[in-house]
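Shown next, in structure tokens, is the structure this report addresses.
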4 protein chains.
Amino acid sequence: MDGGEPGALGSRHCLGDRGWHDGRRGLTVPKIVDHEEYRAELLAGSAELFADRGFDGLTTREVADALGVSTGTIYHYFSGKRDLFLRVVEHMTERLTVVLTADLEQAEGPVARFDALLANAAAHEDWLARYNRICLDHLRERSDDGTEVMVATMDRAVSQLADALDLASGEARFLVITVFGIITQRDLDGGATSFDEQAAQLRRWLTATNH
Amino acid sequence: MDGGEPGALGSRHCLGDRGWHDGRRGLTVPKIVDHEEYRAELLAGSAELFADRGFDGLTTREVADALGVSTGTIYHYFSGKRDLFLRVVEHMTERLTVVLTADLEQAEGPVARFDALLANAAAHEDWLARYNRICLDHLRERSDDGTEVMVATMDRAVSQLADALDLASGEARFLVITVFGIITQRDLDGGATSFDEQAAQLRRWLTATNH
Amino acid sequence: MDGGEPGALGSRHCLGDRGWHDGRRGLTVPKIVDHEEYRAELLAGSAELFADRGFDGLTTREVADALGVSTGTIYHYFSGKRDLFLRVVEHMTERLTVVLTADLEQAEGPVARFDALLANAAAHEDWLARYNRICLDHLRERSDDGTEVMVATMDRAVSQLADALDLASGEARFLVITVFGIITQRDLDGGATSFDEQAAQLRRWLTATNH
Amino acid sequence: MDGGEPGALGSRHCLGDRGWHDGRRGLTVPKIVDHEEYRAELLAGSAELFADRGFDGLTTREVADALGVSTGTIYHYFSGKRDLFLRVVEHMTERLTVVLTADLEQAEGPVARFDALLANAAAHEDWLARYNRICLDHLRERSDDGTEVMVATMDRAVSQLADALDLASGEARFLVITVFGIITQRDLDGGATSFDEQAAQLRRWLTATNH
DNA sequence: CATGAATGAGGGTTCATTCAT
DNA sequence: AATGAATGAACCCTCATTCAT
């Protein structure tokens with residue numbers, strides 16, 4: 001189980017001890033870069049919480065405690081709880097394609113890439129499960145334009161996968177849907193469903209398709 | 001699109017006017033049956049709300065208003081908001097198999113039954129999407145024993161389907177997972193994903209499998 | 001020193017113990033009248049607090065404690081702290097003319113009515129001082145249309161006084177302004193300024209005016 | 001309409017660019033005078049804000065922004081928000097007599113001095129209105145010894161005016177009270193009340209008195 | 001049985017103040 | 001001397017729950 005950030009060593013870190021550390025004498029110019037970096041750290045640290053507890057089930061106090069900062073600090077970097085949540089979703093959404101298609105290029109041929117995709121899904125299963133939960137929560141908060149983001153995100157992932165695996169768009173979409181289906185089910189039943197067994201079913205579909 | 005109860009004529013009904021204080025005492029002998037029926041009506045009426053807004057995003061006042069009763073009435077039939085939610089999940093869970101396998105027996109042969117299953121899913125898509133949402137919410141409220149219920153529910157549905165469609169357990173599970181995957185995706189993207197197109201992919205898998 | 005309501009015996013009363021007390025059997029119709037009465041009591045009880053501490057300097061908890069109710073109750077009768085404050089100002093504004101002109105009719109002749117006016121001012125000095133404070137606070141909260149209310153209120157009081165004392169509009173206005181000036185000064189210096197001495201100056205003006 | 005400081009050219013100036021870190025060390029010897037001057041500038045710049053928004057309605061951040069400095073700077077020159085406010089009141093109080101009696105000596109005779117007084121009041125109406133507001137706020141912050149300051153201030157102004165206009169103490173007090181009454185009323189009604197008309201009433205009183 | 005007024009703990013958010021730079 | 005990021009107590013307000021009617 002990986003931490004809040006896939007690929008990063010997301011050990012529970014305390015973010016509470018920073019300063020300006022500008023360097024050159026007396027200059028009171030704080031580093032802008034640092035601010036953005038810190039923001040990203042807060043985002044990464046909040047993702048897991050929002051996924052586990054849901055937007056409404058999570059308090060800002062809990063977020064602050066988990067991040068090792070005060071509630072005021074959260075409001076220094078984000079305009080509110082809702083803003084933080086929306087940024088978390090944005091942040092995760094940007095990484096979805098990366099998570100699914102990482103190392104896909106290094107595999108030779110569609111079948112090998114299919115295996116690589118499943119390996120990616122298995123490696124980042126927790127992250128994907130969290131993303132899935134968060135997406136449903138996001139829909140509640142932005143029922144108006146929430147779907148637009150999802151459509152665009154899905155389309156991007158699907159088109160990349162279609163290219164890499166030499167599949168039609170609808171087929172690649174089926175692939176993503178099923179992968180998420182397996183992950184959702186395992187999320188719901190606590191892992192009772194075998195990932196490999198279901199992956200085997202999916203490979204059978206691929207074999208029947210890929211001609 | 002059906003209402004809160006699949007198969008029932010789920011028009012938005014106001015439950016508030018049963019009128020225990022209608023005057024003629026002695027006439028309105030409160031039957032036990034009535035109590036249970038009323039409870040069921042409250043459950044059915046709450047399902048949609050919990051699915052749409054989430055457990056934490058919904059207030060008891062809102063539930064009461066939607067049901068056309070007072071908050072006190074809810075506390076008369078349930079021990080609290082959480083209890084109501086848990087009963088809603090139970091109530092929906094009990095119906096899951098029914099929803100998925102309705103009219104399945106009348107179809108002849110595995111393939112026809114597969115089609116009937118998909119027809120069921122399409123007919124009750126809203127209900128299934130809500131059930132899917134509620135299950136993830138349920139997991140948050142009962143992270144301890146929440147999975148047990150899900151495992152049992154899934155197993156029951158899977159074994160029924162395995163019998164009806166002449167599939168191995170793992171195959172039937174794949175079927176359910178994929179159906180839910182499609183419905184979840186359509187829930188997220190507002191219906192942008194074509195149900196039929198994805199169903200066609202699933203049939204391809206079935207064809208490759210069912211020999 | 002009178003309480004929050006001029007003329008009323010405004011002893012610090014605990015408002016926390018009420019019910020429906022409808023009377024006729026089983027009817028679940030709560031009394032509407034009661035609701036409005038209670039609202040008025042809350043208003044009267046809040047006036048002193050807002051005057052003493054200012055809108056921003058007063059917490060809802062303090063209001064609730066002083067009224068002997070919970071914070072939630074305040075939100076049951078008013079839409080928020082700001083609404084409560086605005087209603088208090090409205091409530092007091094409606095009474096201003098009454099406070100100033102009470103018993104004025106019973107006096108014979110302009111001079112006697114002038115004396116009656118000063119007697120009214122002295123009798124309700126605390127209430128007038130509070131009203132004065134609250135008006136300045138009100139201006140901060142509603143800098144847009146706050147002045148309109150003040151203009152209308154002042155005009156009403158002035159025209160009544162002009163009639164009763166047989167004064168021109170500008171003269172009646174001078175009278176009101178000076179009375180409030182004396183009260184404000186006494187509010188600021190803790191009563192060091194003599195009310196009677198200043199009233200004597202005002203009477204000298206009246207004598208020079210009233211021809 | 002004058003700025004925060006009567007008689008001073010109170011254009012909204014940014015105080016934030018004194019540049020202690022301008023580079024050439026040793027050149028910018030921090031004089032004590034400078035420190036005090038700067039303090040006075042901060043005081044003058046804050047007066048308007050405190051009057052308009054009230055002590056509790058104003059944040060230190062807002063004060064800092066308006067002054068063009070950081071919040072830290074305020075804490076360098078004052079021990080806190082409350083201290084700053086108290087110093088503002090002190091600062092304004094010291095100037096009250098000056099504002100009211102400026103150019104009074106140059107006028108010949110009591111009546112001419114009376115006119116000069118009214119001219120002063122009209123010229124510094126905004127400042128006086130702000131002073132009036134701030135005094136009521138001050139009373140809230142220092143209800144214990146707040147009145148003492150007010151009594152002393154009033155007495156000083158009254159005795160100066162009594163001398164200059166050849167009035168008895170109570171008469172001079174009436175004069176000040178009425179001037180403030182007019183200004184307060186005009187503050188409340190947005191200038192709807194005519195200053196000159198009310199001043200004419202006051203002159204009538206003077207005529208009846210000064211014999 | 002049904003109601004909804006009342007409660008008060010706890011929610012999101014603000015802001016006076018501190019202090020490392 | 002000046003900055004502004006960080007803090008956390010305390011703000012206004014919400015809402016699950018109780019109970020007199």
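Chain naming here is simple, since letters A, B, ... match the order of the sequence lines and numbering starts at 1 in each.
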Exercise for the section: Using heavy atoms to find the nearest nucleotide of DNA chain F for C:R61 and B:K81 separately, return the residue whose nucleotide is more 5′. Expected result: C:R61
Exercise for the section: Would you mind telling me which residue lines up with the more 5' stretch of DNA chain E, C:G72 or A:G72, judged by nearest nucleotide? Expected result: C:G72
Practice task
State, with a plain yes or no, whether a side-chain heavy atom of B:F78 is found less than 4.5 Å away from one of B:R39.
Solution key: yes
Problem - Residue B:Y75, side-chain heavy atoms: nucleotide from E:dT13, F:dT3, F:dT17 that is nearest - result: F:dT17
Problem - Integer-rounded Å distance: F:dC13 P and C:F85 CZ - result: 14 Å
Problem - Side chain proximity check, B:L84 to B:F50, heavy atoms < 4.5 angstrom - result: yes
Practice task
Please check the phosphate of F:dT7 (OP1 and OP2 only) for any side-chain N or O of A:T73 closer than 4.0 Å.
Solution key: yes
Handout entry: Pair B:F55 + B:H138: ring centers closer than 6.0 Å
Key = no
For residues 60-68 of chain A, which side-chain donor-acceptor pairs fall under 3.5 Å, sequence neighbours excluded?
from, atom 1, to, atom 2, distance (Å)
A:E62, OE1, A:R53, NH2, 3.4
A:E62, OE1, A:T59, N, 3.0
A:E62, OE1, A:T59, OG1, 3.3
A:E62, OE2, A:R53, NH1, 2.9
A:E62, OE2, A:R53, NH2, 2.9

Practice task
Verify the contact: side-chain N or O of A:T60 to OP1 or OP2 of E:dG12, cut-off strictly under 4.0 Å; return yes or no.
Solution key: yes
Handout entry: Rounded interatomic separation in angstrom, taking CG from C:D65 and P from F:dC12
Key = 12 Å
Handout entry: d(NE2, C:H35; C1', E:dT3) in whole Å
Key = 15 Å
Exercise for the section: Check every atom of E:dA16, F:dT17, E:dT3 against the side chain of B:S70 and return the nucleotide holding the closest atom. Expected result: E:dT3
Practice task
Figure out the CZ/P separation between D:F55 and E:dA16, and round it to whole Å.
Solution key: 8 Å
Exercise for the section: Give the rounded distance in Å between these two atoms: CG of C:L86 and P of F:dC12. Expected result: 15 Å
Exercise for the section: Using the closest heavy atom to pick a nucleotide of DNA chain F for each, name whichever of B:S79 or D:T71 lands nearer the 5' end. Expected result: D:T71
Exercise for the section: Determine the contact category for D:L58: base if any of its heavy atoms lies under 4.0 Å from a base atom, sugar-phosphate if only primed atoms, P, OP1 or OP2 are that close, otherwise nothing. Expected result: sugar-phosphate
Handout entry: Value in whole Å for how far the P atom of F:dC12 lies from CG of C:L49
Key = 13 Å
Completion exercise
For DNA chain F, the expected dot-bracket line (Watson-Crick or G-U under 3.5 Å, [ ] crossing, | inter-strand) is .||||||||||||||||||||
Exercise for the section: Indicate whether OP1 or OP2 belonging to F:dA5 is found under 4.0 Å from a side-chain N or O atom of A:Y77. Expected result: no
Practice task
Flag the pair A:R140 and B:D56 as a salt bridge only when some basic side-chain nitrogen lies within less than 4.0 angstrom of an acidic carboxylate oxygen.
Solution key: no
Problem - Whole angstrom value for the distance that separates C1' of E:dT14 from CD1 of A:I74 - result: 14 Å
Problem - Side chain to side chain, C:D52 and C:R133, heavy atoms closer than 4.5 Å - result: yes
Fill in the blank from the handout: Taken to the nearest 0.5 Å, the spacing of B:D137 CG from B:F85 CZ works out to 4.5 Å
Fill in the blank from the handout: Atom NE2 of A:H76 and atom C1' of F:dA6 are separated, to the nearest Å, by 8 Å
